[in-house]
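What follows is a set of notes on a single structure, which appears directly below.
Indexing begins at 1, ligand by ligand and atom by atom, following the structure's order. The chain is numbered in sequence order, starting from 1.
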Amino acid sequence: MPAAVADLLDGPEISTLTLEAATAELEALAQHLNDANTAYHGQDAPVLDDATYDALKRRNAAIEAAFPDAKRTDSPSDQVGAAPAEGFGKVRHRLRMLSLGNAFSDDDLRDFDAGIRRYLGLTRDATLAYTAEPKIDGLSLSLRYEDGTLVQAATRGDGTVGEDVTANARTIDTIPQSLEDAPAVLEVRGEVYMRHDDFVALNDRQAKAGAKIFANPRNAAAGSLRQLDPNITASRPLAFFAYAWGEVSDPLAQTQSGAIDRLAALGFQTNPLTRRCDGPEALLSHYHEIEAARATLGYDIDGVVYKVDDLDYQHRLGFRSTTPRWAIAHKFPAELAWTVLEGIDIQVGRTGALSPVARLTPVTVGGVVVSNATLHNEDYIAGRSADGTPIRDGTDIRVGDHVQVYRAGDVIPKIADVDLARRPSDATPFDFPTQCPDCGSDAVREEGDAVRRCTGGLICPAQAVEKLRHFVSRAAFDIEGLGAKQVEYFFDDTALPVREPADIFTLEARNADSLAKLENRDGFGATSVRNLFAAIDARRTIPLDRLLFALGIRHVGEVAARDIARHFHGWDALTAALDQAAPAALAYLAADEAEAQERAAAAEDGRRARIKPVRDAAFGEVAADARVAWDDLVGIDGIGATVAVSLVTTFAQDSERASIRRLTDQLKIAPVEAPATASSPVAGKTVVFTGSLERMTRAEAKSRAEALGAKVAGSVSAKTDLLVAGPGAGSKADKAASLGIETLDEDAWLTLIGDA
Ligand code: IVH
């Protein structure tokens, strides 16, 4: 992953993300969440506690809300509540049931093809065949056959553990009970769905019986399959398309298309619109064919799935955490609806970001009533993107406008378009506030920031409340009985105010001395008060990563907090390092500014910018120990300068520091250790690849190394454990040699990881 993406992973304000950044972060989030799932469901120790896991999921959902387009087909949000329901037995999938990444445009598909070629080291002219087939809008099912007999059927669940629906699956006509000439072990995967006519008839029957009416065929299929009584499932018209497989004792074929043919020969229904295509243009033409046929198919589809045809290539390409690299879903365009923009509200976030929200006349979009939409930031309203290029052809958004809203997932909708012809004559451009609507402080936009922020800091009640809400959120302090609502209650309380995190931990003592005791107030019984204080006490010991995340420092998301905590282990080491790095962080900011000036000056003079001298000058005065501390900080895998600057400058601000100290005085901070990774010869090692690799591409080498628990870094430092050097290795090899770092050639590396 490029360093820039790793930076984004560390949680910048969502409203500042670009679509690409959001997409990248969603991918990373999916990966972390999936790793956590794997560790949780596997024998390993969990890598994330529940609250942390939930917070990752929440960030994921929030990004999806702001960027519905970037939502992944395998979105972890869709897995909420997907854990096996009580009542069904659980089935651990022997091979995980994966999901698919998304393409929304022709170019996304071309990028997908180009990425695969890069990964495999194929030229643009080399033939690379794919299959294209409809993406069925149903629910996936895995059928296990042993010696030709159906022995188990399981839903996908969270991908690792699903529900045992064997008895129900046996009632579906298109699922064979037994197979002839099948491999001894064969898991067939596909989609359970309901045809439109069957759906309408079912709903008619349900209506007559006064029973539940299903919203759409997919819900009907899911509700019908997940019946505890198989007789009910039997009475429901379900069907099954086979399109993939899990564990098999003998390969089905050498190609995806061959395997699908084999499944058809074994008696499974496979989709008649499955085609083998020689490259993106042929895939696109098949996409349009399927799109044109969509209305006449008689069942719901929501896109087209492309898969690399050659199974050897599929094997080499392997998987990201939850999605295969060799397949992608090309979604049909999202649903749209026109409505009226009634108003624009400004919400103030924890870091002061002013976020505009559209209040809409309620309208149904794809079966869901929508009454608000994100407007991202002031540029977005004005009709330009962060870099000044026009969006919506430069059309701004005004209160009173007819706007077109769309949803690309079950998330907060966005505005796609504005109908200028219907703009009221008195509509005026939106005046984005330059003062915080909550505290009245100036709201300013710093250079390079897409977002206007309230400068009120600790004095802004909106920020303070948001900070507290963040502080008590599940991934942070997660104090039972002290959620967002309670925090707001105490924030405004005159007798027992909670204005900053430290106040939470003095609440019990203050309550004891107070005349307006909690236990005497409406809504608080003696027991609930006792429980609240016990819950607060239970959090007086807090792991460093949680504390760091809970502080709500801009750009320091959960992942960054964890990486930083693992690096420094303890609070004292962390704060000492941040203090030490402070002069370098300031120099970094100065260098950034000087660099921008130099670039501007160079552009004006028509010469190339001379960045190095500018940077050297800015850092010239910085003491060596500050440089070392800074380099150490930004050298943490996944921590970039943005995170580092934010962290260091927050700790360097007197009022913030004092507030943090008041808090930590109340706490015992537990050190955090990096978890032991699976046993592989390179687990936990930091590996650098340099020079040209001959047996695989850099991307493939990196993902294999990561799959084995290694960290792959871009440059050699004292922290590097291993350098893998191909021909043409230059300065990195020299540096490794001078640092005494073990260096292997590609063959020795492959031998080491057992891949020779
Ligand atoms: S292939 C490893 N093919 O879409 C790849 N999935 O968004 C496994 N789906 O979980 C999936 N039609 O439930 C594949 N023709 C198709 C599909 C399909 C529908 C579903 C499937 C999957 C989801 C991912």
Side-chain angles (χ1 to χ4, degrees), residues 26-27 30 34 64 70-79 82 93-104 108 112 116 130-143 153-160 162-163 165 187-194 217-219 221-222 225-226 238-248 252 256-257 259-260 263-264 268-277 283 286-287 290 293-294 297 299-309 311 313-315 317-332 408-410:
L26 288 178
E27 177 178 356
N34 194 63
E64 288 172 351
K71 188 177 174 192
R72 302 165 63 82
T73 12
D74 66 326
S75 164
S77 320
D78 294 343
Q79 294 164 25
H93 298 300
R94 287 174 173 80
L95 289 177
R96 273 185 308 146
M97 285 185 81
L98 291 154
S99 184
L100 294 168
N102 278 332
F104 292 102
D108 287 351
F112 168 73
I116 288 181
Y130 295 88
T131 59
E133 71 205 67
K135 182 169 187 301
I136 316 296
D137 198 6
L139 68 152
S140 46
L141 186 69
S142 185
L143 304 167
T155 62
R156 177 168 136 192
D158 61 9
T160 305
E163 290 164 353
V165 291
E187 284 178 6
V188 177
R189 291 175 175 179
E191 202 86 352
V192 174
Y193 68 100
M194 195 178 283
R218 181 163 56 87
N219 288 353
L225 183 67
R226 297 175 67 257
L238 293 173
F240 178 80
F241 273 128
Y243 52 64
W245 56 93
E247 192 181 4
V248 276
L252 289 172
Q256 176 75 29
S257 44
I260 296 304
L263 290 176
F268 291 92
Q269 203 183 48
T270 57
N271 196 287
L273 287 169
T274 309
R275 285 270 191 294
R276 186 175 177 279
C277 301
L283 290 173
H286 193 47
Y287 170 90
I290 292 175
R294 186 178 183 187
L297 293 178
Y299 50 87
D300 279 350
I301 63 172
D302 56 353
V304 175
V305 182
Y306 308 127
K307 299 170 184 168
V308 169
D309 195 38
L311 297 185
Y313 282 162
Q314 283 194 9
H315 178 73
L317 286 157
F319 304 92
R320 293 181 214 91
S321 61
T322 59
T323 59
R325 272 194 201 86
W326 44 265
I328 198 163
H330 190 168
K331 301 292 284 281
F332 293 134
D410 298 329

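Between Phe241 and Tyr193, the ring planes lie parallel to each other; the angle is under 30°, not in the 30° to 60° tilted range. Using the six-membered ring where Trp is involved, Tyr306 and Tyr287 have ring planes that are tilted, between 30° and 60° apart.
Ligand-side atoms of ligand 1 in range of Glu133: 3 (N), 15 (N), 16 (C), range being under 4.0 angstrom from any heavy atom. Atoms of ligand 1 lying under 4.0 Å from at least one heavy atom of Val305, given by number and element, are 3 (N), 15 (N), 16 (C), 17 (C).
For Pro324, the heavy-atom gap to ligand 1 drops under 4.0 angstrom. Ala329 does not count as a contact of ligand 1, since none of its heavy atoms falls under 4.0 Å from the ligand. Residue Pro134 places a heavy atom under 4.0 Å from ligand 1.
Protein heavy atom at the shortest distance from atom 5 (C) of ligand 1 is Leu100 CD2, 3.8 Å. From the protein, the heavy atom lying nearest to atom 13 (O) of ligand 1 is Glu191 OE1, 2.8 Å. Of the protein's non-hydrogen atoms, Lys307 NZ, 3.1 Å is the one closest to atom 3 (N) of ligand 1. In terms of protein heavy-atom proximity, atom 8 (C) of ligand 1 is closest to Leu98 O, 4.1 Å.
Close N/O approach between Ile136 and ligand 1 is found [any backbone or side-chain N/O within under 3.5 Å]. Residue contacts with ligand 1: Tyr243 is placed with a nitrogen or oxygen under 3.5 Å of a nitrogen or oxygen of the ligand (distance criterion only).
Summarising the geometry, atom CG belonging to Leu273 is positioned 7.5 Å from atom CD1 belonging to Ile301; distances are rounded to the nearest 0.5 Å.
Taking the side chain as every heavy atom from C-beta outward, Pro134 and Tyr243 never approach each other to under 4.5 Å. For the pair Asn271 and Tyr299, the minimum side-chain heavy-atom distance is below 4.5 Å. Using a 4.5 Å heavy-atom cutoff, the side chains of Phe319 and Arg325 are not in contact.
Residue contacts with ligand 1, taken as heavy atom pairs separated by less than 4.0 Å, do not involve Met97 at all. Residue contacts with ligand 1 for Arg156 involve side-chain atoms from C-beta outward but no N, CA, C or O (heavy atoms, distance under 4.0 Å).
Ion pairing between Glu133 and Arg275 fails under the 4.0 Å rule for side-chain N and carboxylate O.
Nearest to atom 23 (C) of ligand 1 by heavy-atom distance, out of Gln256, Arg96, Lys135, is Lys135.
Under a 3.5 Å cut-off, the side chain of Asp302 and the backbone N or O of Phe332 do not form any donor-acceptor pair.
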Please report the C-alpha distance between Arg72 and Thr323 in whole Å, then the side-chain angles of each, then the deciding distance to 0.1 Å, and finally whether the side-chain contact (heavy atoms from CB on, under 4.5 Å) criterion is met. CA-CA 10 Å; Arg72 302 165 63 82; Thr323 59; 3.4 Å; yes
